[in-house]
Amino acid sequence: MTRIRLYPSGKEVDVQAGDTVLESLERSGYALSNNCRAGACGECKVKVREGEFDQGMVLDMALSQEERTEGYGLMCMAKPLSEVVEIDWGTADAQPKLFPPRENVRCVVVDRIERTPRITELRIRPVGEALRYWPGQYVSITDIQRTIPARSYSIANAPRNDGEIVLQITRVPDGKTSNWIHDQVHVGSMVNLSGPYGTFIGDPATDAPVLCLAAGTGLAPILALTDAALRRGFNKPVHLMFSSQTEADIYSRGLLELWNLRHRRFKFIPTLTREEKEGVLHGRIPAVLPEQYKDLSGHAIYIAGSPEFVNDCIAAVKQLGARDEMIHTEGFFDQAPPEVPAGERLMGS
Ligand code: FES
């Protein structure tokens, strides 16, 4: 059987026929960073120390020629060819910490709430056993017949005993899946979920004050992380800054106000980019951050939103002293498989 060996721990993971390196690691509970799962973002890049693999089709912008020459690969698309593929991953005592993803879990939509004119919220429960996940992870959704392209959405709630999963879905013009959800998925509909995926998860061992920065439906994984931290009685300040165009675009407001009142250490800080309101911050988060925080060197930072938002926030928090190892990010890339742009060279086997 083909195996993946992790260096330096020497731990080994079996590969099932047809699985990528990423899928194999996830089945065994190892948290390799990933985002697009389609060879487009570069998030799952690791150095391959030994063995042969089929890299599949990936974009040059995600894996440059130099990196390929130096032995790096994108594990979301890489399929082992030799008996052993050894990759640089983790520490000498690398421990599994993710729940293995499950595929095609049949679920029922038990509630649906229109959060804003563009964002609808689905509350979904598996027909069988609950999906186990860490707050901050995401699932992919499609119809039962799997005729709609599967698309990934962050889970917006901490795990519950009844297995309910909350997804907040923005309608994207021309987005087949989001339009299917908005127009055809109703209370009582059956849907097909796979997951959980992703490594944007909280560190239960952290003892630092937490600052969460979110824009758009980047709020979803931040809600799940915050929900979990508050429920377990995290005893350091948890601040959540949310950027929206107008006050009407602030969704999940009721929950955020409840947390404001219930938890002394929690603070919700909205900022509006296209509307001025008395008593509410005005401007993008990177611009207003220095007014709110003078020194972030001791903070754990969680950032979720578009890749541009994430990058701008990283630069802003670093200006205020935030340390690399304390910054956790989730940027939402297009989940579509990479197309072949003219002149773009794709990696073969
Ligand atoms: S390139 Fe592998 S997760 Fe994006």
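Read the numbers this way: they start at 1 and go in the same order the structure lists the ligands and their atoms. Predicted model only: the values in this text are computed from it and were never measured.
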Problem - Hydrophobic cluster of Ile113, others only, ordered by chain and residue number, side-chain cut-off 4.5 Å - result: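 Listed partners: none, Ile113 stands alone.
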Exercise for the section: Inspect the contact between Asp19 and Lys79 and indicate whether a charged nitrogen and a carboxylate oxygen are less than 4.0 angstrom apart. Expected result: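 Between Asp19 and Lys79 there is no salt bridge, as every charged N stays at least 4.0 Å from the carboxylate O atoms.
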Practice task
Establish, yes or no, whether the cationic atom of Arg37 lies under 6.0 Å from the six-membered ring centre of Tyr197 and within 45° of the ring axis.
Solution key: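 Geometry flag: set, cation within 6.0 Å and 45°.
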Practice task
Report yes or no: is the cationic atom of Lys47 (NZ for Lys, CZ for Arg) under 6.0 Å from the centre of the six-membered ring of Tyr72, at an angle within 45° of the ring normal?
Solution key: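 Yes, a cation-pi geometry holds between Lys47 and Tyr72.
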Exercise for the section: Determine which pairs satisfy ring-ring contact (aromatic ring centres under 6.0 Å, His included) with at least one residue from residues 145-191, sequence neighbours left out, and list them in order. Expected result: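 Passing the test, one end in residues 145-191: no pairs.
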Exercise for the section: Could you note down all residue pairs passing ring-ring contact (aromatic ring centres under 6.0 Å, His included) where residues 96-123 supplies at least one of them, sequence neighbours left out? Expected result: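 For residues 96-123: Phe99-Trp134.
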Practice task
Could you pull out the N/O/S protein atoms under 2.8 Å of atom 2 (Fe) of ligand 1, ignoring any water?
Solution key: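 Near atom 2 (Fe) of ligand 1, the protein supplies Cys44 SG, Cys76 SG.
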